[in-house]
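In what follows, a structure is listed as structure tokens, so that the remarks can point back to it.
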Amino acid sequence: MTKPDAVPTTVPAFPPAFTWGVATSAYQIEGGAADDGRGPSIWDTFTHTPGKITDASTGDVACDHYHRYAEDVDIIASLNVDAYRFSIAWPRVQPDGSGAWNEAGFDFYARLLDKLAEKDIAAHVTLYHWDLPQALEDKGGWLNRDTARHFAAYAAEVARRFGNRVATIATHNEPWCTANLGYGIGQFAPGIADPAAAVSASHQLLLSHGLAMQAMRAQNVSAKLGIVLNQWTASPATDSAADLKAAEVEWARSVEWFMDPIFKGSYPQLALDNIDCSLLSIHENDFNDIRQPIDFLGVNYYFRAYVSTETPPRTPPCALGTTDMGWEIYPQGLSELLLKLHGQYQLPPVYITENGMAVADRLEDGAVHDQPRIDYLKMHLAALRQAMAAGVDVQGYFYWSLLDNFEWNSGYLRRFGLVHVDYETQQRTLKDSAHWYRNFIKEQ
Ligand code: IFM
């Protein structure tokens, strides 16, 4: 495979039916945290706890999308995209995560869907992008199997109301992050730092995915149903036996751990042998529940894992530099990942549901000249096209993110958007990358 190790001057054409989109998530953009009956989520609690977020910010207002969604959909439409990926805030539509529905919360998403339909933009919905109702966390959150059952009830209700109005519904976004960053190291809400808890949480997350798939299928909806996983290949830093083995373990722990239960109905033995399973409780029918056919797989790709067993560990070469997150820019990893998944699993159609770059953007004279983001896009789209040419059925690409937004524990310090947001005035400004993406899509 040729490596896109330089910025391509032109990106190969994509099939006419390919879906082009932009992505966001509820807590990162909506704001309106206390509006119209929304209940508190674990991210409200976490961000209001001193010391958790680098710039001490919260998502209370964020991009104020809750009030500005119409303007934002106009911006989305101006980009020539076909599709918009967003998440529903569970605590907005069911404040306690069980029991009563909040009609005002559902009304917001109904208005958003109306506006998207008016602009002929397909809606791709995620049910869980990390904002668990706090009331469920108070009962153990993803360490409690009941949360999986509550999630399935929430999924069924969303499917019942919106399942014939949206193109896709994904159960989870990046359950790896929920489990490992939220319960394993405490960098994300709910802030628990216990590796054994992370393993347990991942099982309940997978179970909730399977139960939700079944509950949504029972609604007979037209939406395609699936899940979104963040994934990476694992490159050994050297040819040493230790590094080679560690890279295999990394692949098993992060990718196969979520793929195998869904596609094969088991956990990978190599992962089981290398993690703390002391809190993992698998009930008799769990794998039957989890192993449900999915209509699509969402893949979020940002970087590869560079695996070194030396002390201190070797760092990746970063031949193409790093993003403002400090992540290695490694576009060929996207094609390598897709081809590896394609070789290992019977994949359904794939969407690249997230890919994008944080840049230290500066708004100057009403413009943001973010050439690094344009280069990043070109290189990743070229790598994606390579994987498609080699046989991977990829049906769409969603840039992360539409807007600069609340980047979790980094607060507002990292900007991923095609559209710059001035958080003082809520002024939106299309960056050069937005203009590039719009023109690129137009040429397809
Ligand atoms: O902002 C996040 C998003 O919420 C999930 N995927 C990774 C993005 C960048 O860190």
Side-chain angles (χ1 to χ4, degrees), residues 21-31 41-44 46-47 52-55 57-59 62-63 65 84-90 124-132 170-182 184-185 187-190 202 205 226-232 254-255 258 297-305 322-331 333-334 337 351-361 370 372-373 376-377 380 397-421 423 433:
V22 286
T24 64
S25 88
Y27 189 75
Q28 293 179 272
I29 66 164
E30 281 183 3
S41 81
I42 55 174
W43 273 94
D44 296 294
F46 194 69
T47 56
K52 300 295 186 191
I53 309 299
T54 311
D55 61 358
S57 62
T58 74
C63 305
H65 173 78
Y84 175 47
R85 172 175 181 252
F86 63 95
S87 74
I88 291 180
W90 186 357
H124 292 250
V125 170
T126 305
L127 295 175
Y128 188 79
H129 200 123
W130 309 350
D131 40 4
L132 186 73
T171 53
H172 284 280
N173 180 73
E174 304 183 350
W176 181 95
C177 291
T178 303
N180 291 286
L181 305 183
I185 62 171
Q187 194 179 63
F188 281 7
S202 70
L205 285 158
I227 187 169
V228 172
L229 303 175
N230 54 322
Q231 300 185 320
W232 46 75
S254 45
V255 176
F258 291 93
L297 174 69
V299 172
N300 293 356
Y301 175 77
Y302 288 93
F303 47 71
R304 65 171 164 173
T322 55
T323 73
D324 202 34
M325 296 293 281
W327 297 345
E328 181 190 22
I329 299 172
Y330 192 69
L334 177 55
L337 170 66
Y351 288 99
I352 305 305
T353 31
E354 285 183 30
N355 174 238
M357 179 184 189
V359 180
D361 294 315
D370 58 340
R373 185 173 285 108
Y376 180 100
L377 263 160
H380 284 79
Y397 174 93
F398 292 79
Y399 180 79
W400 182 272
S401 179
L402 167 68
L403 301 170
D404 291 339
N405 59 45
F406 177 78
E407 177 54 27
W408 308 113
N409 62 314
S410 302
Y412 297 98
L413 298 178
R414 301 287 175 262
R415 292 180 179 271
F416 275 89
L418 293 173
V419 178
H420 180 275
V421 177
Y423 296 111
S433 57

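Counting begins at 1 with the first residue of the sequence. Numbering of ligands and ligand atoms starts at 1, following listing order. Worth knowing before you read on, the calculation uses all heavy atoms, side chains too, and leaves out hydrogens, waters and symmetry mates.
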- Query: Counting heavy atoms only, which of Arg414, Glu354, Glu407, Met357 is nearest atom 5 (C) of ligand 1?
  - Reply: Glu354

- Heavy-atom proximity to atom 8 (C) of ligand 1, best of Trp327, Tyr302, Phe406: Tyr302

- Query: With atoms numbered from 1 as shown, which atoms in ligand 1 lie under 4.0 angstrom from a non-hydrogen atom of Glu174?
  - Reply: 5 (C), 6 (N), 7 (C)

- Message: Quick check on contacts: which atoms of ligand 1 are under 4.0 angstrom from a heavy atom of Phe416?
- Response: 9 (C), 10 (O)

- Query: Mind checking whether His129 has an N or O less than 3.5 Å away from an N or O of ligand 1?
  - Reply: yes

- Does the N or O separation between Asn173 and ligand 1 drop below 3.5 Å for any pair? no

- Which atom of Thr353 lies closest to which atom of Arg85, heavy atoms considered: O-NH1, 3.2 Å

- Item | Side chain, backbone, both or neither: the part of Tyr27 lying under 4.0 Å from ligand 1 by heavy atom | neither

- Item | Contact check, side chains of Cys63 and Tyr423, non-hydrogen atoms, under 4.5 Å | yes

- Exercise: do Tyr27 and Ser87 side chains pair donor with acceptor under 3.5 Å: no

- Item | Nearest-0.5 Å distance, OG1 of residue Thr54 to CD of residue Glu407 | 10.0 Å

- Message: Between Asp361 and Arg373, does any side-chain N to carboxylate O distance fall below 4.0 Å?
- Response: yes

- Establish, yes or no, whether the cationic atom of Arg304 lies under 6.0 Å from the six-membered ring centre of Tyr330 and within 45° of the ring axis. yes

